[in-house]
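Bear in mind that the values here come from a model prediction, so they are computed numbers and not experimental data. Note on naming: letters A, B, ... go to the chains in the order of the sequence lines (proteins, then strands), and numbering restarts at 1 for each one.
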Protein chains: 2
Amino acid sequence: MSVQATAATETRSYHHGNLAASILERAAEIIDEEGIEALTLRGIARDLGVSHGAPNRHFKNKAALLCALATSGWLSVRDATLDAADATGSSNAHIRLNAMGQGYLRWAFANRSLYRALYHPDVNRYASTELKEAIDQFSQIVRDAVEETQKEGRAQDVPLNVLTVFTNAVPTGAALMLTDPLLHHDVESEGELDRLIEQIIELVVPVAGINK
Amino acid sequence: MSVQATAATETRSYHHGNLAASILERAAEIIDEEGIEALTLRGIARDLGVSHGAPNRHFKNKAALLCALATSGWLSVRDATLDAADATGSSNAHIRLNAMGQGYLRWAFANRSLYRALYHPDVNRYASTELKEAIDQFSQIVRDAVEETQKEGRAQDVPLNVLTVFTNAVPTGAALMLTDPLLHHDVESEGELDRLIEQIIELVVPVAGINK
DNA sequence: TAAGGAATGTTGACATCGTCTACATGATAC
DNA sequence: GTATCATGTAGACGATGTCAACATTCCTTA
């Protein structure tokens with residue numbers, strides 16, 4: 001139903017008008033609704049009412065489509081992470097980094113399928129320049145935020161890169177584990193999940209007793 | 001060359017003799033050498049000098065083969081983790097858990113391709129009973145070890161499940177990040193990696209100043 | 001404004017893949 | 001020794017990704 005959401009030009013013209021964006025949009029829907037293994041270039045073309053060869057004009061191959069999706073995913077998770085920091089209204093590095101971890105996890109849960117697609121083998125294999133840049137951007141904001149906490153006195157005897165990997169690993173690993181139905185069968189309520197997120201992140205970047 | 005390693009019966013008989021095991025073995029090789037997207041039932045059959053339909057007698061479908069691989073992977077990482085604990089020769093829960101984290105990470109690096117296959121979408125989707133059991137076994141040893149450290153005084157105000165997720169997330173996230181060429185471009189020497197592993201795990205389960 | 005190239009979509013083809021069915025062969029239990 | 005079951009073979013089918021040749025439309029530019 002939302003298949004034809006874009007390109008709402010009532011005249012069904014030869015040219016679609018916005019096919020690349022529509023393909024990405026539909027691809028995201030499919031991943032979310034049927035899983036990434038149901039993603040098919042021909043299927044997308046069918047859904048969009050376009051010939052099976054059309055997508056090739058916009059994506060060199062299927063891996064390129066996946067990379068484009070992953071790129072927007074990384075940018076999106078970066079934004080969510082940064083927004084969470086800003087939403088604290090605090091300039092305290094610990095409070096900000098703590099919020100970033102929670103924001104990251106909440107994004108991962110709100111976008112499980114896309115989140116897991118970020119680690120799909122094809123994405124790693126045929127990474128584009130844009131994807132690499134998006135990933136670098138994310139890594140950079142984490143590293144910067146970690147560095148700020150260190151300036152505030154956190155784990156000053158630990159090398160920055162080690163502290164960064166550690167800090168980043170917690171939300172990453174937790175997201176991977178908790179979004180995996182095989183690894184985590186406890187069905188939980190919304191509120192329970194929020195509490196779990198808080199508690200886990202508190203163990204990496206404690207903020208108890210810190211004033212904004 | 002190592003393709004025909006198994007089933008070295010010089011008489012090329014109609015029946016292969018050990019096809020299931022050979023398929024698994026060859027599949028592991030392919031994943032390691034060419035990546036998981038190069039894995040093909042027909043390709044394996046070709047490599048093993050067997051008709052393209054033969055693998056279907058032993059694996060219901062391709063996903064079942066992946067699940068079998070993942071199952072042995074989880075059992076293997078469980079063993080590596082437990083062995084690392086035992087290798088300490090200590091009965092101190094902190095020392096043992098610390099070693100487990102390091103053992104897990106070392107296994108992940110030594111078997112990157114297989115490790116990443118554990119999180120392949122198809123594995124999640126069509127998980128077998130054996131796979132679920134293998135995963136549960138791994139989860140159990142981690143939870144038990146975490147519980148022991150808590151009895152020794154670690155983070156006693158934190159619920160066990162939270163502490164378990166946290167403790168497990170660090171090696172999991174670190175392995176995922178560090179085995180990803182996109183996330184970690186710093187090429188490092190063997191010794192550097194070992195040191196990094198030690199330092200990261202020390203941040204989750206500190207053992208500095210503990211006597212065996 | 002007319003023309004012509006660039007962008008975009010279509011059609012048909014090809015190789016490959018997973019999977020199914022019918023059949024052949026070999027092993028094993030009785 | 002024979003019957004039955006497990007295992008391997010051969011052929012077919014539909015689906016997919018990708019390519020090349022062609023069609024249509026857009027847009028720049030003279």
Open item on the list: Rounded to whole Å, please give me the gap between CZ in A:R42 and P in C:dT16.
Closed with: 16 Å
Task: Charged N-O contact under 4.0 Å between B:E148 and B:R96 - done: no
TODO: Using whole Å, report how far CD1 of B:I44 lies from C1' of D:dG8.
DONE: 16 Å
Open item on the list: Within the 4.0 Å heavy-atom criterion, would you say A:H58 contacts the bases, only the backbone, or no part of the nucleic acid?
Closed with: sugar-phosphate
- [ ] Provide, to the nearest angstrom, the distance between the NZ atom belonging to A:K60 and the P atom belonging to D:dA20.
- [x] 13 Å
TODO: For B:K62 and C:dC17, give me the distance from atom NZ to atom P, rounded to whole Å.
DONE: 9 Å
Task: Which nucleotide in D:dT18, C:dG18, D:dG8 has an atom nearest any side-chain atom of B:T40 - done: C:dG18
- [ ] Could you state the atom-to-atom distance from OH of A:Y126 to P of D:dG17 in whole Å?
- [x] 13 Å
TODO: Measure from CG on A:L65 to P on D:dT18 and round the result to the nearest Å.
DONE: 10 Å
- [ ] Taking only the side-chain heavy atoms of A:L41 (C-beta and beyond), determine which of D:dT9, C:dG18, D:dT18 contains the nearest atom.
- [x] D:dT18
Open item on the list: Taking the basic N atoms (NZ, or NE/NH1/NH2) and the acidic carboxylate oxygens, is any pair closer than 4.0 Å for A:D180 and A:R116?
Closed with: yes
Task: Side chain of B:S51 (C-beta onward), nearest among D:dT18, D:dG8, C:dT19 - done: D:dG8
Task: Integer-rounded Å distance: D:dT16 P and A:I30 CD1 - done: 11 Å
TODO: Please state whether the rings of A:F166 and B:F166 are parallel, tilted or perpendicular, taking 30° and 60° as the class boundaries.
DONE: perpendicular
Open item on the list: Would you say A:W107 and A:T81 are linked by a side-chain donor-acceptor pair, where the criterion is simply a distance under 3.5 Å?
Closed with: no
Open item on the list: Can you tell me how the ring of B:W74 sits relative to the ring of B:Y119, calling it parallel under 30°, perpendicular over 60° and tilted otherwise?
Closed with: perpendicular
Open item on the list: From C-beta outward on B:R57, which listed nucleotide comes closest to its side chain: D:dG8, C:dG18, C:dT10?
Closed with: D:dG8
Task: B:L66 CG to C:dG18 P, straight-line distance once rounded to whole Å - done: 10 Å
Task: Any B:R46 side-chain nitrogen or oxygen under 4.0 Å from OP1 or OP2 of C:dC17 - done: yes
Open item on the list: Side chain of B:V50 only, heavy atoms from C-beta on: which candidate in D:dG8, C:dA13, C:dT19 is closest?
Closed with: D:dG8
Open item on the list: Quick check on DNA chain D: between B:A20 and B:H52, whose nearest nucleotide comes earlier from the 5' end?
Closed with: B:A20
